[in-house]
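Working notes, beginning with the structure itself.
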Amino acid sequence: MLRIAVPNKGMLSEPAWDMLSEAGYRLRTNPRQLVVQDPDNDIELFYLRPLDIAVYVGTGTIDVGITGEDLLRNSGTPALEHMPLGFGASTFRFAAPNDSPITRLEDIEGKRVATTFDKLVQDYLTNHGINAQTIHLDGAVESSVQLGVADLIADVVSTGTTLRNAGLRIFADPLMHSEACLIRSPRVADDDPRLTVLSRRLQGVLTAHQYVLMDYDIPVDKVSAAVAVTPGFESPTISPLHDKQWAAVRVMVPKKKVNQLMDDLYEVGARGIIVTALQASRI
């Protein structure tokens with residue numbers, strides 16, 4: 001049985017739950033439930049604190065987990081990144097008070113940096129030859145400068161609104177860009193059959209989120225031109241219609257290009273263009 005850890009709260013939790021549900025796995029029905037048995041899929045699901053998942057996967061008995069790249073790197077455990085999951089994108093940045101003379105990476109020398117990600121920040125500073133003190137806080141690091149425990153902060157930034165409201169400004173290059181990823185224990189081989197099935201299912205959901213199914217009718221003499229617009233993966237499915245002068249085409253197309261493709265197809269001569277969302281796939 002494959003043991004999988006997922007975040008029990010935080011920005012990664014609901015997208016992770018949705019992805020597993022769309023991949024056909026059973027989730028908890030009670031928010032107080034921390035372990036779910038899914039014998040039909042031969043998995044056991046554990047709801048854990050996001051900060052702890054890499055530790056359980058790297059040094060415990062959990063086989064795989066869903067967490068952030070930043071949390072994995074900060075854990076210092078031997079857990080391995082297996083595949084990106086396409087959600088939870090964020091940037092890790094330094095920020096200092098608006099009136100602070102700290103404007104460059106070199107200005108951090110000898111300063112106090114408040115962060116939840118001690119190891120990640122310390123490793124970054126050491127690699128850049130900067131000696132500074134990291135102050136560990138479990139949350140709300142943007143208040144640390146005003147409350148006198150730090151000179152600047154290092155934290156995950158999405159829109160930057162929280163930092164601006166706290167009178168902080170971003171400076172220097174990002175420490176890293178992060179997104180959600182599937183990680184595995186060093187005990188679990190990259191080609192483990194259980195992991196292969198899980199990865200294939202998750203990739204199927206990712207593909208379904210990125211593509212849609214497009215159906216349209218096209219005059220037979222314009223099929224080649226239409227297929228050039230929507231080539232699909234291997235090839236579109238083309239079927240004859242009752243009117244022998246027309247054919248029906250079914251093809252997967254990138255979701256972000258749907259409207260442009262519909263315009264292009266209409267110009268070619270396609271009619272009855274319909275787009276259908278996908279829930280899962282195997283490509």
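Everything numeric here is computed off the predicted structure, so don't read it as measured data.
Tyr216 does not carry Arg271 over the face of its six-membered ring by the limits of under 6.0 Å from the centre and within 45° of the normal.
A side-chain contact (heavy atoms from CB on, under 4.5 Å) with Ile66 is found for one member of Leu85, Ile53, Ile183 and no other, namely Leu85.
A salt bridge does not link Arg194 to Asp42: none of the charged nitrogens lies less than 4.0 Å from a carboxylate oxygen.
Other residues sharing the hydrophobic cluster of Leu51, ordered by chain and number and joined by side-chain separations under 4.5 Å: Leu71, Phe92, Phe94, Ile102, Leu105, Ile108, Val113, Phe117, Leu120, Val121, Tyr124, Leu125, Ile130, Leu152, Val156, Phe171, Leu175, Met176.
Separation of atoms CG (Asp38) and OH (Tyr25) is listed at 8.5 Å; rounding is to 0.5 Å. To the nearest 0.5 angstrom, Ile283 atom CD1 is 5.5 Å from Thr207 atom OG1.
Counted within 6.0 Å of CD on Gln33, heavy atoms from surrounding residues, nucleotides or ligands total more than 12; the atom is thus considered enclosed.
For the pair Arg93/Leu163, no side-chain contact is recorded, criterion being any heavy-atom separation below 4.5 Å from C-beta on. Using a 4.5 Å heavy-atom threshold, the side chains of Ile238 and Val227 count as touching. Side-chain atoms of Pro50 and Leu12, non-hydrogen and from C-beta on, never get closer than 4.5 Å to each other.
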**OP:** Test side-chain contact (heavy atoms from CB on, under 4.5 Å) on Val197 and Leu2 and set out the steps.
**Re:** CA-CA 11 Å; Val197 170; Leu2 190 69; over 6 Å; no
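For the salt bridge (charged side-chain N to carboxylate O under 4.0 Å, His left out) test, residues two or more places apart in sequence or in another chain that qualify with Arg250 are Asp215.
Counting all heavy atoms, side chain and backbone alike, Leu168 lies closest to Asn98 at C-OD1, 3.7 Å. Nearest heavy atoms, Pro101 versus Asp107: O-OD2, 3.5 Å.
Using modelled atom types, one side-chain atom of Thr77 and one backbone atom of Ala54 make a donor-acceptor pair closer than 3.5 Å.
Residues Tyr56 and Phe46 keep their aromatic ring centres 6.0 Å or farther apart.
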